[in-house]
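I have placed the structure first, in the form of structure tokens, so that the comments after it can refer back to it.
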Amino acid sequence: MLSALLKKYQRLLGDSAWSILGLVLMNAVAQIVVFPLYARRFGDVGYGELQYLMAYVNIFTVSVGCAANYARMTAPAAVRAENGGDYNLFLLLISLLGLPLTLAVRYFGGVSMDTPTYVCYYLLFVAMAFRYYADVAYKITLNYRRYFGYYLTIAIGYAIGAVLVWQTGIWPLGLLVGEALGVVMAYVTCPQLGKRPLTPSPAWRRSFSLIATLFLAEGAANLILNVDRILLKLLLGASAVTVYYLATLLGKTMSLVAVPLNGVLIGHLVRYDGKLTRRAMRSIAWGSAALVLIGTAVCALGGYLMLFLLYPAEFDMTHRFLWLGSLAQVFYFTTSMIMVVLIRFAQKTYQIYINAVFGVAFLGLGIPATLLFGLWGFAVAMVIAALLRWCMALYFGFYHVRKSTCDPDGIMTA
């Protein structure tokens, strides 16, 4: 029975393995080379400040890049293969809007940036937006070996960027080189991205509307994922940013691992014509609960080792927050995987509802908890908000099943 199940899902498991291997390699360079170098090069306060500045970039670029990615993946087959111009134009529009945004951060964000640093900061904004979209070409074709090469290229770029940071002190270069190389590789090697790159399709209004809907949903989620750095910087200072970021480091890395896994998952789901059933949702609920327990233990215990080896100067003030920080992050990425299933089978607006409630709950709890109880209050508020998001995603999954005609005894029905 087990061999038959493995054979049935052999391709999905193989695709996941290539994706995970590539992403682990990319993040290994980032977490073992680039970020510890940041801590040594810029110190505790400087490290917190640059993570705070990265939060603004992450909120917008990851959101719009993933939104364009998911919108193209869930479009009809003919549109998915041909109409690249719609998505490129939307990303260019966001890139233009990023100019006043990054200027506002430079002059009013509370952290000084010289001109070379600011220019690289803005270029990183543009490169990341396109990078989170560009891997859609590998998902369309299910070419996950080339997907691995994509992440390998980014990892090499990160290593080159680390050398440049050490020599110049311009911190965005640590990520910019890798992000830019990844975008160049994708657009050069994938004809789906390069074909009519700036020509809108007849269905461009539909494409823009779908991207905007998913952008709102992803934006709410990424706001909460990154607002910890902004909120902590404004309420408690840059050192608090460093402590909480390092306490959630492995958890955030697992959240990043979820991105290609979600891509593999949706790449296969869009080719499936069946429905989501009650039995499938029960499996998802129990499986995600088990993943939360196992993932939290792995992240917390692994976090001790990572802090001890890579951040010895910050170990004493950080390790106490590992369990709470890991739990919040694991809840977050586990819920993201459930929401990919909802993107495929349920209404896209469910994404907005889930993340809107999540955002309101977090800010409503997070700000007063931080003011009253400091970093401990913030960490607890993050766990409660992430738990609520998980529950909301499961609720909408079961709600969709109740509204649909499904076979309760099958996993999915045609």
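Sequential numbering from 1 along the given sequence is applied to the chain's residues.
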Aromatic contact, Phe358 with Phe362 (centres under 6.0 Å): no
Evaluation steps, side-chain contact (heavy atoms from CB on, under 4.5 Å), between Phe333 and Leu291: CA-CA 10 Å; Phe333 88 78; Leu291 183 59; 4.1 Å; yes
Testing the basics here: between [X] and [Y], what is the closest heavy-atom pair and its distance to 0.1 Å?
{"X": "Leu89", "Y": "Phe208", "answer": "CB-CZ, 4.2 Å"}
{"X": "Ile170", "Y": "Cys120", "answer": "CG2-SG, 3.9 Å"}
{"X": "Asn355", "Y": "Arg389", "answer": "OD1-NE, 2.8 Å"}
{"X": "Ala127", "Y": "Leu176", "answer": "CB-CD1, 4.1 Å"}
{"X": "Asp44", "Y": "Ser239", "answer": "OD2-OG, 3.0 Å"}
{"X": "Val177", "Y": "Leu164", "answer": "CG2-CD1, 3.9 Å"}

Flag the pair [X] / [Y] as yes when at least one side-chain heavy-atom distance between them is below 4.5 Å, and no otherwise.
{"X": "Leu124", "Y": "Met54", "result": "yes"}
{"X": "Tyr244", "Y": "Met382", "result": "yes"}
{"X": "Leu301", "Y": "Trp323", "result": "yes"}
{"X": "Ser95", "Y": "Phe130", "result": "yes"}
{"X": "Tyr133", "Y": "Phe90", "result": "no"}
{"X": "Leu25", "Y": "Tyr151", "result": "no"}
{"X": "Met392", "Y": "Leu388", "result": "yes"}
{"X": "Arg229", "Y": "Tyr245", "result": "yes"}

Tyr353 atom OH: more than 12 heavy-atom contacts under 6.0 Å: no
Atom CZ of Phe60: over 12 foreign heavy atoms under 6.0 Å: no
Identified side-chain contact (heavy atoms from CB on, under 4.5 Å) counterpart of Trp171 within the set Leu53, Val34, Leu37: Leu53
Parallel, tilted or perpendicular: ring planes of Phe315 versus Phe308, cut at 30 and 60 degrees: perpendicular
Geometric class of the Phe125/Tyr122 ring pair [parallel <30°, tilted 30-60°, perpendicular >60°]: parallel
Verdict with supporting geometry, Arg41 and Tyr47, side-chain contact (heavy atoms from CB on, under 4.5 Å): CA-CA 8 Å; Arg41 184 72 166 76; Tyr47 184 82; over 6 Å; no
Backbone N/O of [Y] and side chain of [X]: donor-acceptor pair under 3.5 Å:
{"X": "Thr296", "Y": "Leu293", "result": "no"}
{"X": "Arg146", "Y": "Cys190", "result": "no"}
{"X": "Arg278", "Y": "Val401", "result": "no"}

Point-to-point distance, once rounded to the nearest 0.5 Å, from CG of Leu214 to OG of Ser209: 9.5 Å
Lys233 side, atom NZ; Gln51 side, atom CD - distance, nearest 0.5 Å: 13.5 Å
